[in-house]
Amino acid sequence: MDGQEGKATRKGPGAPRRNWRLYGVTAVGLAVVCGVAAAVGQVVRAGEASAVEAPKYAVGSGGGTKLDLPVRPTVPVTLTVYEDPRSPQSRAFAQQYAATFSHLLASGQLQINYRLVTQSDKQYGGSGAKEAAAAAACAEDQGRFAQFMDQVWQHQPAPANDALKDRNLLTGLAKKAGKINHDAFTLCVDRGQRNGWVAQSQSEFAAAGLGEAPVVQINGRPLPVPPAQLTPAKLTSLVSDEAQRVATAATP
């Protein structure tokens, strides 16, 4: 047997020691490489962690770091509804759209601002619209405007009958509305505490030349359809379209 063959087949104690030394050197080398890589990774991560880079939509004042993260709520659509307590047309509108308004309010798309006007007093004579509007404002002092006006619509007398000026009738409607403190309501009505407010509302309405109540504006603009063509479904569609327009305009 020659020397090469002897080396290839040798099974003496030296061979295992040389193999283990080889494996040991390899393991140490890998550990060094991994250790260097880990160290480099830590340096990179440390650099990323300490860099001041604001999120995309962060905001801030002046030239400093933008540290505020805004959460923009959906801006609701505002309907401004002008209604006259003595007007049969206002009553019909309120009752026709009551369910639609409730649905839109529950959806979070809509808020409603009511404006009370009294042009029917000039049309029919008397002061019933003014008295009822002032009483509704007194009810609003206790957070019961909608409930009071619901009773007005349910018990509205014929417009030529100026019955809404009757304090006893108004007090009775307040009781039917429920959860209205009788003494505070009566004091407010008897003192005419909201009469000037009602007069101002009617004055601005007349100056704006908006026509006869009811009048509806969407985010301060007239509805894009004539009142005669408005339906609950159409109003719902208009509110949805306006909500989408407002949301799109608010997107950064």
Kindly compute the distance separating [atom1] ([X]) from [atom2] ([Y]), expressed to the nearest 0.5 Å.
{"X": "F101", "Y": "H103", "atom1": "CZ", "atom2": "NE2", "value": "13.0 Å"}
{"X": "F185", "Y": "D190", "atom1": "CZ", "atom2": "CG", "value": "9.5 Å"}
{"X": "Q89", "Y": "S120", "atom1": "CD", "atom2": "OG", "value": "9.5 Å"}
{"X": "D121", "Y": "S87", "atom1": "CG", "atom2": "OG", "value": "11.0 Å"}

Side chain [X], main chain [Y], donor-acceptor under 3.5 Å:
{"X": "R194", "Y": "A135", "answer": "no"}
{"X": "D84", "Y": "A213", "answer": "no"}
{"X": "S102", "Y": "A98", "answer": "yes"}
{"X": "S240", "Y": "T236", "answer": "no"}
{"X": "S107", "Y": "L104", "answer": "yes"}
{"X": "R115", "Y": "V81", "answer": "no"}
{"X": "Q202", "Y": "T118", "answer": "yes"}
{"X": "T171", "Y": "R167", "answer": "yes"}
{"X": "S201", "Y": "L116", "answer": "yes"}

Under a 4.5 Å cut-off applied to non-hydrogen side-chain atoms, are [X] and [Y] in contact?
{"X": "P232", "Y": "Y97", "result": "yes"}
{"X": "E242", "Y": "R221", "result": "yes"}
{"X": "Q156", "Y": "P85", "result": "no"}
{"X": "H182", "Y": "K175", "result": "yes"}
{"X": "T78", "Y": "I218", "result": "no"}
{"X": "T80", "Y": "V216", "result": "no"}
{"X": "K130", "Y": "L164", "result": "no"}
{"X": "N181", "Y": "Q142", "result": "yes"}

What are the two closest non-hydrogen atoms of [X] and [Y], and how far apart are they?
{"X": "P224", "Y": "L238", "result": "CG-CD2, 3.6 Å"}
{"X": "L170", "Y": "F148", "result": "O-CE1, 3.7 Å"}
{"X": "W153", "Y": "R91", "result": "O-NE, 2.9 Å"}
{"X": "K165", "Y": "S127", "result": "CB-OG, 3.8 Å"}

Say whether [X] and [Y] are linked into one hydrophobic cluster, either directly or through other cluster members, by side-chain heavy-atom distances under 4.5 angstrom.
{"X": "V198", "Y": "L187", "answer": "no"}
{"X": "L169", "Y": "V189", "answer": "yes"}
{"X": "V117", "Y": "M149", "answer": "no"}
{"X": "V239", "Y": "V225", "answer": "yes"}
{"X": "V152", "Y": "Y124", "answer": "no"}

Pick from Y114, F93, F205: which one makes a ring pair (Phe, Tyr, Trp, His ring centres under 6.0 Å) with Y82?
F205
With a 4.0 Å cut-off, would you call K176 and D150 a salt bridge?
no
Taking it one step at a time, do Q147 and K179 satisfy side chain to side chain contact (heavy atoms under 4.5 Å, CB included)?
CA-CA 9 Å; Q147 293 79 4; K179 298 182 180 180; over 6 Å; no
Please step through side-chain hydrogen bond (donor to acceptor under 3.5 Å, both in side chains) for the pair Q200 and E204, ending with a clear verdict.
CA-CA 6 Å; Q200 181 67 27; E204 292 188 8; 2.8 Å; yes
Counting neighbours of NE2 on H155 that are heavy atoms of other residues, nucleotides or ligands and sit closer than 6.0 Å, is the number greater than 12?
yes
With side chain to side chain contact (heavy atoms under 4.5 Å, CB included) as the criterion, how do L79 and N113 come out once you've worked through the C-alpha distance, each side chain's angles and the decisive distance to 0.1 Å?
CA-CA 6 Å; L79 283 186; N113 293 338; over 6 Å; no
